[in-house]
Amino acid sequence: MKHLRRRFLLASALAALITRLLPAHAASRTVAPDTTLRAYVDTLVPADETPSGSALGVDAKLKAVAADQPERWNAVSIFR
C-alpha cells in the first residue's frame, strides 16, 4: 500500500512539473503569419499536376485583396 501511494505521489508531482514546463516551451515557438498563410494556401492548392498555391502567388493575392479592403478584415490580425 505504501509503495502504491509513493508511486501515485511521484506520478502526480511529475505530471504537475511537466504541465508547467510544456506550455511555456510551446508558447516560445512563434510562426510568422506569412508562413501560416502560405502553408494554409498550399494545403488548399497542393502541388500535384499544377504548381502549389504559394507558387502561383495565391497567398500574395489574398494579402493584397485584404489590404485593399481593411474594413472587412478588422477582426483578422494577420492582414494588418
Side-chain angles (χ1 to χ4, degrees):
M1 187 72 152
K2 284 187 178 184
H3 294 294
L4 188 60
R5 186 178 301 162
R6 285 182 190 162
R7 284 186 183 173
F8 176 75
L9 290 174
L10 276 173
S12 298
L14 184 62
L17 179 66
I18 289 173
T19 344
R20 292 192 182 259
L21 291 178
L22 286 181
H25 180 68
S28 66
R29 297 181 197 171
T30 56
V31 178
D34 290 342
T35 306
T36 304
L37 181 61
R38 192 175 309 116
Y40 181 68
V41 166
D42 286 342
T43 301
L44 292 176
V45 184
D48 46 16
E49 295 175 8
T50 62
S52 66
S54 61
L56 293 171
V58 175
D59 55 336
K61 181 67 176 171
L62 284 172
K63 286 175 61 175
V65 168
D68 289 342
Q69 302 172 2
E71 67 279 354
R72 290 187 170 202
W73 301 101
N74 284 335
V76 182
S77 64
I78 191 172
F79 296 110
R80 290 186 186 160

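Taking all atoms of both residues into account, the shortest heavy-atom contact from L37 to D59 is CD2-O, 3.8 Å.
Remark: D48 pairs with P46, T50 by the side-chain contact (heavy atoms from CB on, under 4.5 Å) rule, at least two apart or across chains. Residues satisfying the side-chain contact (heavy atoms from CB on, under 4.5 Å) test with V45, not counting sequence neighbours, are none. Listed by chain and number, the residues in a side-chain contact (heavy atoms from CB on, under 4.5 Å) with A55 are P51, S52 (sequence neighbours excluded).
The line from CG of L9 to CG of L4 is 10.0 Å long, rounded to the nearest 0.5 Å.
Taking the side chain as every heavy atom from C-beta outward, R38 and T35 approach each other to under 4.5 Å.
Hydrophobic cluster membership differs between Y40 and L56, with clusters built from Ile, Leu, Val, Met, Phe, Trp and Tyr side chains linked at under 4.5 angstrom.
Hydrophobic cluster membership for L10: none, as no Ile, Leu, Val, Met, Phe, Trp or Tyr side chain comes under 4.5 Å of it.
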